Amino acid sequence: MPPRSDPPPRGAPSPERRLPLRKSLLGRLLAVSALVAACSVAATAWLAVQTTSGAIKQEQGQNLTDDARIYNTLLGYAATHPRWDGVDRTVTDLARQTGRRIALTTPQRAPLADSATQDKPPALPPQTSAVVDPLSVDGTLPAGGGQSAADRIDPRAVGPFRLPAAERARLQETAERIVSCLRDDGVTSDIVGTPSGRPRIQAVGNDLDRIEGTRCSIDALEEPTATETKALTALNQLADACLKRQDRHAVQLNLDLSWNRRPAPTGRIPTAPPVSTPEPEATPTIPAEATSTPEPSAVPTIPAEATPTPEPSAVPSANEDDRAVASCVGTARREQLSSYVATPALLFIGDPGGATVPGFDLSPANTARIAGAAALVLALTVGASLFAATRLVRPLRALTGAAQRMKDGGYADPVPVPVTADNEIGRLAAAFNDMSAHRARLEGQRKAMVSDVAHELRTPLSNIRGWLEAAQDGIADPDPAFVASLLEEAMQLQHIIGDLQDLAQADAGALRLHPEPVRIEELLGHVAAAHQAQADTAEVTLTVAGTAPGADVPELSADPVRLRQAVGNLVSNAVRHTPPGGSVTLSASSPDGDVVVVDVADTGSGIPPEDLRYVFDRFWRAEKSRSRRTGGSGLGLAIVRKLAEAHGGTVHAVSAEGEGSVFTLRIPAAGRPVAEETADRL
């Protein structure tokens, strides 16, 4: 038979049972911390990759937009200025707006302008970003003019076609008159400006048929001005010279750079079929607006009736001839505009510091670097979690040991748990210490209660037994005084037992209330009358203060028996602790009409501040003597608190030692909704 191990003696701390690490709070905290750290590292790495990739793409797109903007702005400057003088300010503004370094040089890399502010700016990259030439627009970057690939002359390069102020004003007036006429005919149109200054009428919705079907003629706006006629004549001469060198017939250029075939000499067959000139788009435009050279199939021709149609076999290829005319017109335009635009320049766009944008390369070295950083973060997280968990678990273990000691009977003289910090664990330890002290105090009160109840019950029982034994032995005569003495002792026993029963019912949630309308002034009068004899015996003046005029106290819905019991206990306690010659005053008021306040004020000895919070604890008495005059059972005020809570109210005390006390009972005027014959669980 194995030896029986005796249990530890009562009050001795039992050995602490260690939990496995996987079940302990420390182990769980470490596991959760490691899991959180791993997920955080993975999520951070994924987010970093995604964010970096998105940022690089966004930066690249922004760079392309900025590059196009820089190129278009400088191209416009070159198209409207014969020289690059004064471009420094434009370059500086663009660099400030885009945050890029912008440099312009000649084809031989002689500097024209540079936004770099260093004394020795970084060297320019070997590769140019673009060539700024308004007569040969770079197709890799949009120029913003809408020109096609076939016409590489910037539309803002108008040269001799730029209208003077007088001609602009006359054409603007004509355009406004036409727009007004169209408005009267129900056609909404706008005046659109062009780089040369010639206004153009555009119907809302871009429906030209609506303009042609009105009574408003736009012929006056289509006529070339003197400036345009002069420039167009010079352009026509340059184009004819080009065609003559190719042994081709001359053409008649129109303002929109379309052309008409001039009649062939007598007896000769034309070099191309006669063509007719189509209607212009809403309004004729200057060469600068003609952003593309018409395709051969779209080349306008003269009316077919003006010239006899040759036999198809005698007509050369129209496509080949039209391409030659288009090429000569383009060459003539560049020759005419060369003195009005700036010379070609090399454009360099880069980082202000000369650095290039780093790529995102997940090479093995970068992968190992990321893995190392993730492992370091994981180790730091686990280490920090271990440190925090250890500091967290240590006070919890102390609390567990203290609770175990209380379980084993060490609550009579509890050892407080040390409070090391003002945090959740520290507050838990402080609350545990308060609970331990409160339990120790309750245990002391319980022991005192047993002694007090035994004394209170033993004294009347001993008196009753002594009188009965004396009567049985014939020593005492059972006269009326004898019976009255026995009755007084029996009533004392009944009072103590009744108080204990009331508290037991309140603790069990079985205290029943029978609410009915109650006038507090009448109830106070009844209580004062019931305790008047006790007050007279103690030589204490007991009065009921009247309410102030106009300060009506609302009616209560309460149990009158229980409410009289609560107020009676307060009065009895006040009379018992008031010396002869003192006074006890009852008063009722309702400051806000929602709560009825009952005050029981006395001029007694008062309660020390350190004892004031214990006055409503059961079996607690400031005076430890068991004198019949002042030593009650210690249950009256505890019963008052339970009855007040049962009615949905509160009770508290205010006292100054040597000056008396005021006990205040607050009951809701409407009362708690307690049903008849139903238990009010506290």
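Here the structure is a predicted model, which means the values were calculated and not measured. The first residue of the sequence shown is numbered 1, and numbering continues consecutively from there.
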### Message
Could you check whether any side-chain N or O of T603 sits under 3.5 Å from a backbone N or O of S583, counting only pairs where one atom can act as donor and the other as acceptor?
### Response
yes
### Query
Under 6.0 Å from the CD atom of E610, do we count more than 12 heavy atoms belonging to anything else shown?
yes
## Note on the structure
For P418 and A429 the tightest heavy-atom approach is O-CB, 4.4 Å
#### Entry: Side chains of D602 and H577 in contact at under 4.5 Å (non-hydrogen atoms)
no
### Summary
CG of L570 to OG of S661, rounded to nearest 0.5 Å, is 11.0 Å
### Task
Any chance you could measure R564, atom CZ, to D559, atom CG, to the nearest 0.5 Å?
8.5 Å
### Message
For V595, is there any backbone N or O sitting under 3.5 Å from a side-chain donor or acceptor partner on S590?
### Response
yes
### Task
For the residue pair T664 and V654, establish whether any side-chain heavy-atom pair is separated by less than 4.5 Å.
no
### Message
Quick one: does any side-chain atom of D473 pair with a main-chain N or O of I475 as donor and acceptor, under 3.5 Å?
### Response
no
### Task
Write down the atom of F432, the atom of A402, and the distance for their closest heavy-atom approach.
CE2-CB, 3.3 Å
## Note on the structure
So CG of L396 and CG of L428: to nearest 0.5 Å the spacing works out to 7.0 Å
### Closest approach of A558 to V518 (non-hydrogen atoms, all atoms of both residues)
O-CG2, 3.6 Å
### Message
Has S572 got a side-chain atom pairing as donor or acceptor with G568's backbone, closer than 3.5 angstrom?
### Response
no
### Heavy-atom closest pair, residues A545 and T585
CB-CG2, 4.1 Å
### Task
Show your working on side chain to side chain contact (heavy atoms under 4.5 Å, CB included) between H514 and V561 and close with a plain yes or no.
CA-CA 9 Å; H514 306 279; V561 176; over 6 Å; no
### Task
Please confirm whether the backbone N or O of V417 pairs with a side-chain atom of N433, one donor and one acceptor, at under 3.5 Å?
yes
### Task
Report yes if the side chains of L523 and H526 come closer than 4.5 Å at any heavy-atom pair, otherwise no.
no
#### Entry: Distance-minimising heavy-atom pair for V553 and A588
CG2-O, 4.0 Å
### Task
Begin with the C-alpha distance, continue with both residues' side-chain angles, and end with the deciding distance and a verdict on side chain to side chain contact (heavy atoms under 4.5 Å, CB included) for Q565 and I639.
CA-CA 9 Å; Q565 180 183 2; I639 293 174; 3.7 Å; yes
### Message
What verdict does the side chain to side chain contact (heavy atoms under 4.5 Å, CB included) test give for D536 and Q532, after you've listed the backbone C-alpha separation in whole Å, the side-chain angles of each residue and the deciding distance to 0.1 Å?
### Response
CA-CA 6 Å; D536 293 342; Q532 189 62 51; 2.9 Å; yes
### Message
Please report the interatomic distance CG(N569) to CG(L643), rounded to the nearest 0.5 Å.
### Response
7.5 Å
### Residue pair L542 / H531, side-chain heavy-atom distance below 4.5 Å
yes
### Task
Examine distances only and state if a side-chain atom of S655 and a backbone atom of G660 form a donor-acceptor pair shorter than 3.5 Å.
yes
### Task
Please report the shortest heavy-atom distance between G593 and P554, naming the atom on each side.
O-CG, 3.8 Å
### Query
Tell me, do V640 and F663 make a side-chain contact under 4.5 Å, heavy atoms counted?
no
#### Entry: Rounded distance [0.5 Å steps], CZ in R562 versus NZ in K642
13.5 Å
### Task
Take L665 and L563 through the side chain to side chain contact (heavy atoms under 4.5 Å, CB included) test and state the conclusion after the steps.
CA-CA 10 Å; L665 186 66; L563 194 56; 4.1 Å; yes
### Message
Quick one, L524 and V598 - any side-chain contact, counting heavy atoms below 4.5 Å?
### Response
yes
### Message
Rounded to the nearest 0.5 Å, what separates atom OG1 in T543 from atom CG in L586?
### Response
7.5 Å
### Query
Does CZ in R666 sit with more than 12 non-hydrogen atoms of other residues, nucleotides or ligands closer than 6.0 Å?
no
### Summary
Residues passing the salt bridge (Lys or Arg N to Asp or Glu O under 4.0 Å) test with R519, sequence neighbours excluded, are E521
